**Student:** 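Handing you this structure, nothing more for now.
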Protein chains: 2
Amino acid sequence: MKITIGEIARQAGVSTGTVSRVINGKPTVATDTRATVLAVMKKLGYEPDPVARELSRRTKHTLGIWVGAGENRLSPYFNVIWRALLREMQVRATQFVELPVDLTPVRRKLDAVLMFHCADIDQRLATLWRRGVPGALIGHHPNISCVAPDDMGGGRLAAERLLALGHWDLLHLTVADEHQWAVDRAAGFTAALAEHRGGSLAPTILRGGGSVLGGYRLMRDAWLQGHRPTGIFCATDEMAVGALGALADLGVAVPEQVSVLGFDGLVDLYPGLASVAQDIPSIAHEAVNLALNAIERDAIRHVIVPVQVLEGATLGPARARPAR
Amino acid sequence: MKITIGEIARQAGVSTGTVSRVINGKPTVATDTRATVLAVMKKLGYEPDPVARELSRRTKHTLGIWVGAGENRLSPYFNVIWRALLREMQVRATQFVELPVDLTPVRRKLDAVLMFHCADIDQRLATLWRRGVPGALIGHHPNISCVAPDDMGGGRLAAERLLALGHWDLLHLTVADEHQWAVDRAAGFTAALAEHRGGSLAPTILRGGGSVLGGYRLMRDAWLQGHRPTGIFCATDEMAVGALGALADLGVAVPEQVSVLGFDGLVDLYPGLASVAQDIPSIAHEAVNLALNAIERDAIRHVIVPVQVLEGATLGPARARPAR
DNA sequence: CTGAAAGCGCTTACAG
DNA sequence: CTGAAAGCGCTTACAG
């Protein structure tokens with residue numbers, strides 16, 4: 001039998017109204033009443049039915065997702081985070097609508113808008129402000145609640161992992177466009193290498209397209225121009241896949257001759273790909289949280305979600321350093 | 001004011017129960033009563049509230065989506081169809097769960113399962129049959145309701161479009177794996193070329209990986225081996241993007257020297273890409289329909305959704321044929 | 001701080 | 001074939 005609010009109320013000896021209040025964190029509940037109810041809920045493993053909540057709430061929450069014009073909606077990363085967002089909203093039974101790039105004709109009432117960081121973010125925030133719609137952002141901005149992966153820390157982790165494997169000639173492939181995440185990943189990587197105890201190292205940084213083909217071309221051209229790195233850190237897994245493709249075409253053995261480390265954690269992209277993984281479910285969870293909180297005009301919060309290195313077959317010890 | 005079932009009932013002069021019955025297509029409604037209600041619904045632009053339906057339905061429908069082990073869940077195509085499916089289920093307020101490759105440990109009751117065609121489809125159908133779970137398939141199979149794009153017809157359309165532009169040396173890039181859709185696209189393409197009034201043509205067919213990189217390599221190698229087609233038909237847009245990348249690297253002008261036509265209609269993948277477009281929203285709609293109908297043990301149906309050629313900048317008239 | 005009650009928009013036995 | 005009524009699982013004024 002599905003366990004409902006009524007059952008909780010019965011076992012806790014209170015009314016369903018009170019149970020509802022504790023579920024929704026209303027302040028008007030006595031501390032010990034709250035404790036009792038919470039205890040019963042936990043004991044029974046109760047979870048509110050999102051469908052019922054949505055139906056009974058007078059004003060339904062609908063969240064708009066506003067994707068920038070430049071965002072590649074077909075990229076694997078976007079794919080994964082999009083699914084995570086939808087799943088999150090499904091759990092909360094929140095309606096969502098994907099907003100067109102041009103918001104002008106949208107008449108529908110939006111309770112809040114979730115955005116990805118994009119070039120014209122300031123303009124977008126102004127638009128929302130004008131319409132009085134609160135929002136949250138996946139990315140960085142001082143004037144709005146944000147959530148982002150720890151790009152800088154991830155860059156450091158990448159460096160540390162490669163250093164631990166003895167790598168001494170590092171290449172960083174990243175995107176030509178000035179994305180904050182790309183800047184941060186490169187900065188973290190560079191900083192950690194500079195601080196290396198075994199002697200300060202500076203990576204070669206090459207910039208190009210962020211897709212598989214971009215990574216392919218960067219890697220191929222770098223190799224043909226004589227670059228012979230021991231370790232390669234790519235700003236995205238897509239670029240890493242491209243780089244691996246180029247290395248394969250060039251007959252370079254991975255990881256024997258060179259190690260490759262990606263960023264994002266989309267290991268399904270390539271069997272055995274090592275990557276600095278984002279915690280995408282957490283990012284999605286926080287993002288929806290922030291957007292929903294923004295409806296209540298909560299304080300602006302900035303959340304940084306940790307990343308971690310996923311080991312893989314593309315990572316190995318560095319080849320020996322030639323005697324100087 | 002939101003328009004509800006009660007308002008319809010009032011204006012149609014019937015009870016809400018009756019309105020509900022016509023909404024749900026129950027047979028026990030008089031023909032003219034049904035007509036009246038339908039008319040009022042249309043006049044008011046009424047749409048049932050999916051949340052309310054879901055809540056009041058005694059047994060909630062939950063649809064499982066069972067993705068094959070070999071399916072690339074990060075591909076743009078999968079991406080798009082997945083989103084279309086979720087949107088469809090959102091509209092119907094149907095719960096959905098993504099099923100693990102191994103169904104054995106799944107205890108949750110599934111009302112129906114939606115699958116993509118995959119290598120071990122027979123085995124999967126047997127599993128469902130054993131568990132008494134109905135299903136539907138995106139792809140082809142005689143024993144279950146299916147929906148698929150018109151792959152064969154799309155192959156023909158591709159040929160006809162290229163012939164109309166005067167192309168006379170055709171290359172078809174496709175996947176090495178024996179997917180039914182790939183077989184059908186190639187078959188339609190080949191058949192239409194063979195029937196060409198200006199004289200029967202046979203395309204060169206090259207097989208490789210289905211990704212961007214696969215298309216890149218096939219195209220590059222073909223060109224380096226001396227192939228000089230006037231028109232190229234790729235079995236997927238991803239391959240087309242790869243082929244375009246290779247042509248760019250080789251300094252071949254598109255469409256002046258060679259035309260490229262993809263398949264799927266994911267034009268966001270590459271600005272100006274011409275493609276035989278699938279009607280993905282319709283496919284998703286039909287798929288969810290079939291799965292839901294399967295719950296009622298409806299007859300097996302096979303639906304083929306039409307495709308159409310999307311023009312684009314990668315398509316142009318063929319270069320002149322050298323005198324023989 | 002808390003309870004009793006109405007209501008969200010639909011569906012579905014139960015009668016007739 | 002159709003209506004009246006109960007109910008899905010919650011939330012929220014309204015009283016107290």
Side-chain angles (χ1 to χ4, degrees), chain A residues 1-38 40-41 44-62 90-95 109 111 292 295-296, chain B residues 1-38 40-41 44-62 90-95 109 111 292 295-296:
Chain A
M1 199 52 251
K2 175 153 197 176
I3 122 110
T4 72
I5 203 179
E7 182 60 18
I8 302 292
R10 209 181 54 69
Q11 293 205 24
V14 298
S15 72
T16 59
T18 298
V19 175
S20 172
R21 288 180 198 107
V22 353
I23 292 172
N24 292 286
K26 302 282 183 195
T28 67
V29 182
T31 316
D32 45 346
T33 308
R34 178 187 305 277
T36 316
V37 172
L38 249 17
V40 176
M41 287 185 3
L44 270 45
Y46 170 75
E47 292 196 58
D49 181 332
V51 171
R53 302 185 80 170
E54 184 67 8
L55 181 60
S56 68
R57 209 179 338 240
R58 319 303 270 100
T59 162
K60 326 211 164 190
H61 286 167
T62 100
Q90 183 186 220
V91 169
R92 317 281 192 99
T94 304
Q95 311 275 358
K109 179 179 175 302
D111 296 292
L292 259 22
I295 301 178
E296 323 291 340
Chain B
M1 198 53 250
K2 174 153 195 175
I3 123 109
T4 72
I5 203 179
E7 182 61 17
I8 302 291
R10 210 180 53 70
Q11 295 205 22
V14 297
S15 72
T16 59
T18 298
V19 175
S20 172
R21 286 179 200 109
V22 353
I23 291 172
N24 291 285
K26 302 282 182 193
T28 67
V29 182
T31 317
D32 45 346
T33 308
R34 178 186 306 276
T36 316
V37 172
L38 249 18
V40 176
M41 286 183 7
L44 271 46
Y46 169 74
E47 291 196 57
D49 181 332
V51 172
R53 303 185 80 170
E54 185 67 9
L55 180 60
S56 68
R57 210 179 336 241
R58 321 303 269 96
T59 161
K60 326 210 164 192
H61 284 166
T62 99
Q90 182 187 219
V91 169
R92 317 284 192 95
T94 304
Q95 312 274 357
K109 179 178 174 302
D111 295 291
L292 260 21
I295 300 178
E296 324 291 339

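A note on names: the letters A, B, ... follow the listed sequences, proteins ahead of strands, and every chain is numbered from 1. These figures come from a predicted structure and were not determined experimentally. Note: hydrogens, waters and symmetry copies are ignored here, and every other heavy atom, side chains too, is used.
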**Student:** I need the B:Leu44 CG to B:Glu7 CD distance, nearest 0.5 Å.
**Tutor:** 6.0 Å

**Student:** Nearest whole Å is fine: how far is D:dC10 C1' from A:Ile3 CD1?
**Tutor:** 13 Å

**Student:** Search all heavy atoms of A:Ile5 against all heavy atoms of A:Thr16 and return the closest pair with its distance.
**Tutor:** CD1-O, 3.6 Å

**Student:** To the nearest Å, give me how far apart CD (A:Glu7) and P (D:dC10) are.
**Tutor:** 11 Å

**Student:** Over all heavy atoms of both residues, which pair between B:Val37 and B:Ile8 is shortest? Give the atoms and the distance, please.
**Tutor:** CG1-CG2, 4.1 Å

**Student:** Starting from C1' on D:dC10, measure out to CD1 on A:Ile8 and report it in whole angstrom.
**Tutor:** 13 Å

**Student:** Nearest of D:dC1, D:dG9, C:dC10 to any side-chain atom of B:Thr33?
**Tutor:** D:dC1

**Student:** Counting side-chain heavy atoms from CB outward, which of C:dG3, D:dT2, C:dT11 is closest to A:Arg21?
**Tutor:** C:dG3

**Student:** Would you find a donor on one side and an acceptor on the other, under 3.5 Å apart, between the side chain of B:Thr36 and the backbone of B:Asp32?
**Tutor:** yes

**Student:** Provide, to the nearest angstrom, the distance between the CD1 atom belonging to B:Ile5 and the P atom belonging to C:dT11.
**Tutor:** 5 Å

**Student:** Between C:dC1 atom P and A:Asp32 atom CG, what is the distance in whole Å?
**Tutor:** 10 Å

**Student:** Which atom names give the shortest non-hydrogen contact between A:Val29 and A:Arg34, and what distance separates them?
**Tutor:** CB-NH2, 3.7 Å

**Student:** Tell me which of A:Thr31 and A:Gly17 sits closer to the 5' end of DNA chain C, going by the nucleotide each one is nearest to.
**Tutor:** A:Thr31

**Student:** Of all the choices, D:dT2, C:dT2, C:dC10, which nucleotide is nearest to the side chain of A:Thr28 once you look at every atom?
**Tutor:** C:dT2

**Student:** What is the nucleic acid contact for B:Ser20, judged by heavy atoms within less than 4.0 Å: base, sugar-phosphate only, or nothing?
**Tutor:** base

**Student:** What is the nucleic acid contact for B:Val14, judged by heavy atoms within less than 4.0 Å: base, sugar-phosphate only, or nothing?
**Tutor:** sugar-phosphate

**Student:** Among D:dG3, D:dC10, D:dT2, which nucleotide has an atom closest to any side-chain atom of A:Thr4?
**Tutor:** D:dC10

**Student:** Does B:Thr18 have a side-chain nitrogen or oxygen under 4.0 Å from the phosphate oxygens OP1 or OP2 of D:dG3?
**Tutor:** yes

**Student:** Counting only Watson-Crick pairs (N1-N3 plus N6-O4 or O6-N4) and G-U wobbles (N1-O2, O6-N3), all under 3.5 Å, who is the partner of D:dA15?
**Tutor:** C:dT2

**Student:** With a 4.0 Å limit, can you tell me whether A:Thr16 has a side-chain N or O closer than that to the phosphate oxygens OP1/OP2 of D:dC10?
**Tutor:** no

